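Before any comments, here is the structure.
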Amino acid sequence: MTIFSKIIKGEIPSHKVYEDDKVFAFLDIGPLSTGHTLVIPKEAVSTLDQLSDESAAAIGRVLPRLCRAVMKATGARDFNVLQNNGASAHQVVMHVHFHIIPKFENEGLGIGWKSKSFDHGAGADLAKKIAAAIVG
Ligand code: AMP
């Protein structure tokens with residue numbers, strides 16, 4: 001069981017901002033900026049690709065609402081939503097979570113965005129391959 005399952009159960013304290021039957025949200029205790037909030041499904045799976053449609057829909061329904069609330073409470077106008085999957089992608093807690101990170105002038109998420117060149121021929125093949133792999 002991860003620390004986030006214990007937070008949902010109330011076994012570990014948190015600064016809760018939202019809860020319904022499928023979703024829980026609380027302040028990150030290692031914030032990148034004031035108001036950094038974590039939104040998690042109650043379903044205990046490690047990565048987003050494992051999440052049920054029901055939990056995904058429940059998170060999708062409230063995520064924009066929670067973003068609006070964080071922005072209103074902190075006064076931030078800009079923000080990032082970050083969702084890491086797997087250790088090499090910077091995931092530390094192996095329970096799906098979405099970071100809402102307000103962006104201020106000197107606080108927030110820093111991103112190294114090293115884009116590659118794009119090959120349209122290979123891209124066309126890859127798009128078909130991904131489309132064919134979609135299940136459900
Ligand atoms: P990630 O690197 O995407 O797995 O992010 C995990 C996040 O969980 C980090 O930003 C941590 O600061 C945060 N975190 C870890 N333990 C707690 C906790 N007990 N309460 C609130 N946030 C936590």
Side-chain angles (χ1 to χ4, degrees):
M1 184 190 290
T2 70
I3 193 166
F4 287 177
S5 288
K6 291 180 183 166
I7 284 175
I8 292 166
K9 285 186 182 177
E11 293 173 4
I12 290 177
S14 71
H15 295 283
K16 179 169 87 171
V17 301
Y18 178 81
E19 181 173 15
D20 64 32
D21 59 333
K22 289 196 166 52
V23 181
F24 195 94
F26 55 105
L27 295 182
D28 191 308
I29 53 162
L32 293 183
S33 61
T34 303
H36 184 160
T37 299
L38 298 174
V39 183
I40 66 176
K42 290 188 172 176
E43 184 182 352
V45 293
S46 310
T47 55
L48 189 60
D49 52 290
Q50 299 169 352
L51 196 62
S52 69
D53 285 356
E54 291 71 26
S55 291
I59 287 200
R61 190 175 71 85
V62 296
L63 191 54
R65 198 184 301 173
L66 293 172
C67 291
R68 285 193 288 274
V70 170
M71 296 312 103
K72 189 171 180 185
T74 63
R77 278 193 320 176
D78 298 338
F79 64 100
N80 293 94
V81 172
L82 176 69
Q83 203 278 314
N84 299 327
N85 297 279
S88 77
H90 305 289
Q91 185 178 11
V92 174
V93 179
M94 293 300 158
H95 181 126
V96 170
H97 52 280
F98 290 78
H99 298 256
I100 301 173
I101 309 168
K103 185 73 176 176
F104 301 104
E105 198 171 320
N106 296 312
E107 290 182 27
L109 180 68
I111 302 178
W113 194 280
K114 297 178 191 156
S115 59
K116 304 199 307 167
S117 60
F118 186 79
D119 178 314
H120 286 278
D125 289 344
L126 184 56
K128 282 187 196 132
K129 196 171 174 186
I130 294 170
I134 296 172
V135 176

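In listed order, ligands and their atoms are each counted from 1. Keep in mind the model is a prediction, meaning the values are calculated, not measured.
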**OP:** May I ask you to check whether Gln91 and Thr47 show a side-chain donor-acceptor distance below 3.5 Å?
**Re:** no
Original post:
Would a distance-only check, ignoring hydrogens and angles, find a side-chain to backbone donor-acceptor pair under 3.5 Å from Ser33 to Pro102?
Top reply: yes
Original post:
Met94: heavy atom below 4.0 Å from ligand 1, yes or no?
Top reply: no
Original post:
Based purely on interatomic distance, does Gln91 place a nitrogen or oxygen under 3.5 Å from a nitrogen or oxygen of ligand 1?
Top reply: no
**OP:** Decide whether the shortest distance between a heavy atom of Leu27 and an atom of ligand 1 is less than 4.0 Å.
**Re:** yes
Original post:
Is a side-chain donor or acceptor of Lys42 paired with a backbone partner of Asp20 at a separation under 3.5 angstrom?
Top reply: yes
**OP:** Could you say whether the N/O atoms of Ile12 and ligand 1 ever approach to under 3.5 Å?
**Re:** no
Original post:
For ligand 1, is there an atom lying under 4.0 Å from some heavy atom of His99?
Top reply: yes
Original post:
Got the closest protein heavy atom to atom 6 (C) of ligand 1, with its distance?
Top reply: His97 NE2, 3.5 Å
Original post:
Would you say Leu82 contacts ligand 1, with heavy atoms under 4.0 Å as the rule?
Top reply: no
Subject >> Protein contact of atom 4 (O) of ligand 1 - nearest heavy atom, named by residue and atom, plus distance >> reply: Val92 N, 2.6 Å
Original post:
Closest non-hydrogen protein atom to atom 8 (O) of ligand 1, residue and atom name please, with distance?
Top reply: Phe4 CZ, 3.5 Å
**OP:** Note the single closest protein heavy atom to atom 10 (O) of ligand 1, along with its residue, its atom name and the distance in Å.
**Re:** Asp28 OD2, 2.5 Å
Original post:
Is Ile29 in polar range of ligand 1, meaning some N or O pair under 3.5 Å apart?
Top reply: yes
**OP:** With heavy atoms under 4.0 Å as the rule, classify the contact between Phe98 and ligand 1 as side chain, backbone, both or neither.
**Re:** neither
